[in-house]
Undergrad: 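Before I ask anything, let me first share the structure, which is written out below as structure tokens.
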Amino acid sequence: MINVAIVGVGNISVWHTEAYLAFPERCRIVALCDISPEKCNERKAKYSIDGAQIFESHTVMLETMKGKIDVVSICTPPYCHANVAVDCLNAGVNVVTEKPMAASLKECDVMLAAEQSSGKTLACIAQNRFRDEIAALKKVLDSGLIGKVVHAQIDSLWWRGLHYYDLWWRGTWEKEGGGCTLNHAVHHIDMLIWMMGMPEAVTAVLTNASHTNAEVEDLSVAVLQYPAGTLATVTSSVVHHGQEQKLIFQGEKARISAPWNVYASIAAPNGFPKEERDTALENKLNEFVAAIPRLPYTVHKGELENVLTALEQGKKPDITGIDGRNTLELITAIYKAGTTHTTVKLPITKDDPFYTVEGIMGAVPHFYEKTASVKDFAGPIST
Ligand SMILES: NC(=O)c1ccc[n+]([C@@H]2O[C@H](COP(=O)([O-])OP(=O)(O)OC[C@H]3O[C@@H](n4cnc5c(N)ncnc54)[C@H](O)[C@@H]3O)[C@@H](O)[C@H]2O)c1
């Protein structure tokens, strides 16, 4: 039986709570911790988590429950992920941290070092890999059926009203760590790296087009350069009505995308596309996707089940701290390129000002002042 604690009992922790409670024969929630302990009491009562102890501080929790917690889900705002994760790992507790893994590459490296020295496991949430259409897209790309990928179009398009940035920790470089590129596109950037690997270089433009109460960007467009001429565009936004998110891969032989769609052109003798399409290839791709078994569990439940399995079997989960760090490195490159108006080559080295939170904060554009600081918003969130 795996003993679980949740630190940060706000909105996203509901997904963690429900995921763990879905596997009562494999794990139980033994502790809930939040700087607002009334949230822990509410959660405990709402879900009848009878055995859970409640704490206001993760250090007190770790001390009081020494040897009694196997894994902690960290669901606090981004600026505290590193600190809480390192304390947990050093106390001999495995960690699942919410995205983004941390606010800087230096923090990621400190977390990875604590994982190494403790011999425990550090997992990072990227739950969208546990969606059927995303898992299928990855399998099709790996199959090589569409040939070399020549372009990827990543539309991380979300919409958030002005009040979104009134929550106390959002909208500042210090506490949120960045804007939509870090906190929303983190999902799509993780998926892109999973499917295509890391690019060699990045150019980008950052702006705040309409959230006049946030220091951070609400829109960015990045161009990523891969070996052999392949490009990817990543649009990160919280200004797009309808939130029509897409990942589109143009292979030499066909285009595939999530939401699933396929298109395979055939060239006429003069190189223009023929009226008819390569239906043989399109059918093959559709059949390939139709034959992929559906995932037993999806999104947070899928990823946390994978973490439970890894802990039970003494292996690493599918999404590790290295994945979280890679995603943050690419996001950091977008911030650096958008700030310095240069093409940024990867990797970001330790002597780069953008390696640390202080370096990032000293360099990035500060678009607007935060005008309100609301402790909590009622109502559900969508992911
Ligand atoms: N995976 C996803 O799709 C997804 C979606 C939304 C948010 N998130 C991430 O989850 C994290 C939390 O976001 P949220 O929307 O749940 O925010 P939230 O404000 O609703 O919840 C955060 C909670 O952490 C508590 N907290 C703050 N500092 C703490 C500390 N030092 N110790 C203990 N508790 C502390 C707050 O009191 C609050 O209850 C963020 O990193 C965010 O990016 C992930």
Side-chain angles (χ1 to χ4, degrees), residues 5-19 31-44 53-62 72-88 95-104 107-108 111 123-131 134 156 158 160 163-172 174-191 216 236 238 243 245 298-304 307 319 323-324 327-328 331 373-383:
I6 298 177
V7 177
V9 185
N11 282 310
I12 202 61
S13 73
V14 173
W15 270 256
H16 292 248
T17 305
E18 292 182 354
L32 295 167
C33 170
D34 198 292
I35 50 173
S36 301
E38 67 279 5
K39 291 190 177 185
C40 303
N41 287 315
E42 278 167 32
R43 182 67 51 84
K44 183 173 170 172
Q53 294 197 46
I54 287 170
F55 298 93
E56 279 180 60
S57 141
H58 74 277
T59 50
V60 174
M61 177 188 83
L62 291 171
V72 168
S73 267
I74 301 176
C75 302
T76 60
Y79 74 98
C80 18
H81 291 179
N83 179 28
V84 179
V86 168
D87 287 345
C88 291
V95 166
V96 180
T97 183
E98 258 301 340
K99 63 77 186 165
M101 177 165 158
S104 73
E107 290 184 339
C108 291
M111 293 162 86
C124 191
I125 291 290
Q127 82 271 13
N128 291 294
R129 290 197 206 178
F130 291 84
R131 285 186 193 274
I134 299 301
S156 186
W158 310 72
R160 294 290 183 267
H163 292 311
Y164 177 80
Y165 285 108
D166 287 342
L167 189 70
W168 63 276
W169 58 266
R170 289 201 194 117
T172 66
E174 188 204 347
K175 291 203 162 50
E176 190 172 2
C180 56
T181 318
L182 179 70
N183 281 296
H184 292 80
V186 63
H187 293 293
H188 292 89
I189 290 171
D190 168 78
M191 290 184 262
V216 297
S236 311
V238 283
Q243 309 193 114
Q245 298 165 13
T298 57
V299 288
H300 276 86
K301 201 194 278 183
E303 183 168 353
L304 291 173
V307 170
I319 306 174
D323 296 289
T327 303
L328 194 77
I331 292 166
S373 184
V374 174
K375 188 168 177 242
D376 253 320
F377 281 120
I381 63 162
S382 51
T383 57

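All values derive from a computational prediction rather than experimental measurement. Whatever order the structure lists ligands and atoms in, that order sets their numbers, starting from 1. Quick note: residue numbers are just sequence positions, from 1.
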Undergrad: Would you please say whether a donor-acceptor pair under 3.5 Å links the side chains of Gln245 and His187?
TA: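 No, no side-chain donor-acceptor pair sits under 3.5 Å.
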Undergrad: I'd like to know if the side chain of Asp166 pairs up with that of His163 as donor and acceptor (distance under 3.5 Å, no hydrogens or angles considered).
TA: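 Short answer, yes.
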Undergrad: At less than 4.0 angstrom from any non-hydrogen atom of Cys75, what atoms of ligand 1 do you find?
TA: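 Under 4.0 Å from Cys75, ligand 1 has these atoms: 11 (C), 12 (C), 22 (C), 23 (C), 24 (O).
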Undergrad: Got a sec, which pairs hit salt bridge (Lys or Arg N to Asp or Glu O under 4.0 Å) with one end in residues 8-17, sequence neighbours left out?
TA: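 Sorted pair list comes back empty.
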Undergrad: Please identify which atoms of ligand 1 are closer than 4.0 Å to at least one heavy atom of His187.
TA: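 Answer, ordered by atom number: 1 (N), 2 (C), 3 (O).
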Undergrad: Are any of the N/O atoms in Asp376 less than 3.5 Å from those in ligand 1?
TA: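 N/O-N/O distance under 3.5 Å: no.
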Undergrad: Have a look at Val14, Ile12, Val374, Ile125 and point out the one with the heavy atom closest to atom 10 (O) of ligand 1.
TA: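 It is Ile12 whose heavy atom sits nearest to atom 10 (O) of ligand 1.
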Undergrad: Considering the heavy atoms of His81, write down every atom of ligand 1 situated less than 4.0 Å from one of them.
TA: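 Near His81, the atoms of ligand 1 are 41 (O).
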Undergrad: Among Thr383, Thr76, Ile381, Asn83, which residue places a heavy atom closest to atom 29 (C) of ligand 1?
TA: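 Going through Thr383, Thr76, Ile381, Asn83 one by one, Thr76 has the nearest heavy atom to atom 29 (C) of ligand 1.
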Undergrad: Listed by chain and number, what are the ring pair (Phe, Tyr, Trp, His ring centres under 6.0 Å) partners of Tyr164, not counting sequence neighbours?
TA: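 Partners of Tyr164 under the ring pair (Phe, Tyr, Trp, His ring centres under 6.0 Å) test: His184.
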Undergrad: Which ligand 1 atoms, with their elements, are less than 4.0 angstrom from a heavy-atom of Asn183?
TA: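 Atoms satisfying the 4.0 Å criterion: 43 (O).
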Undergrad: I'd like to know if the side chain of Glu303 and the backbone of Gln127 have a donor-acceptor N/O pair within less than 3.5 Å.
TA: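 Yes, Glu303 side chain to Gln127 backbone: donor-acceptor pair under 3.5 Å.
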Undergrad: Would you say the side chain of Lys39 lies within less than 4.5 Å of the side chain of Leu32, judging by non-hydrogen atoms?
TA: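 No. Closest side-chain heavy atoms not under 4.5 Å.
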Undergrad: Does at least one non-hydrogen atom of Leu167 fall below 4.0 angstrom from an atom of ligand 1?
TA: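 Yes, Leu167 has a heavy atom closer than 4.0 Å to ligand 1.
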Undergrad: Under 3.5 Å, is there a donor-acceptor pair between the Trp15 and Ser13 side chains?
TA: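 Per modelled atom types, Trp15 and Ser13 side chains form no pair under 3.5 Å.
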Undergrad: Check Trp169 against ligand 1 and report side chain, backbone, both or neither, counting heavy atoms closer than 4.0 Å.
TA: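 It is the side chain that touches ligand 1; the backbone stays farther off.
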Undergrad: Using a strict cut-off of 4.0 Å, indicate which atoms of ligand 1 neighbour a heavy atom of Gln127.
TA: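 Ligand 1 atoms under the 4.0 Å threshold to Gln127: 1 (N), 2 (C), 3 (O).
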Undergrad: With atom 26 (N) of ligand 1 as the reference point, say which of Ile74, Val299, Ile35 has the nearest heavy atom.
TA: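 Nearest heavy atom to atom 26 (N) of ligand 1 lies in Ile35.
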Undergrad: Would you check whether Lys99 has a nitrogen or oxygen atom less than 3.5 angstrom from a nitrogen or oxygen atom of ligand 1?
TA: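 Yes, since at least one N or O of Lys99 sits under 3.5 Å from an N or O of ligand 1.
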Undergrad: Run the salt-bridge test on Arg129 and Asp323 with the 4.0 Å N-O cut-off and return the result as yes or no.
TA: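 Between Asp323 and Arg129 there is a salt bridge, with a charged N closer than 4.0 Å to a carboxylate O.
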Undergrad: For ligand 1, which atoms have a heavy atom of Gly10 less than 4.0 angstrom away?
TA: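 Here the atoms of ligand 1 in question are 16 (O), 20 (O), 21 (O), 23 (C), 39 (O).
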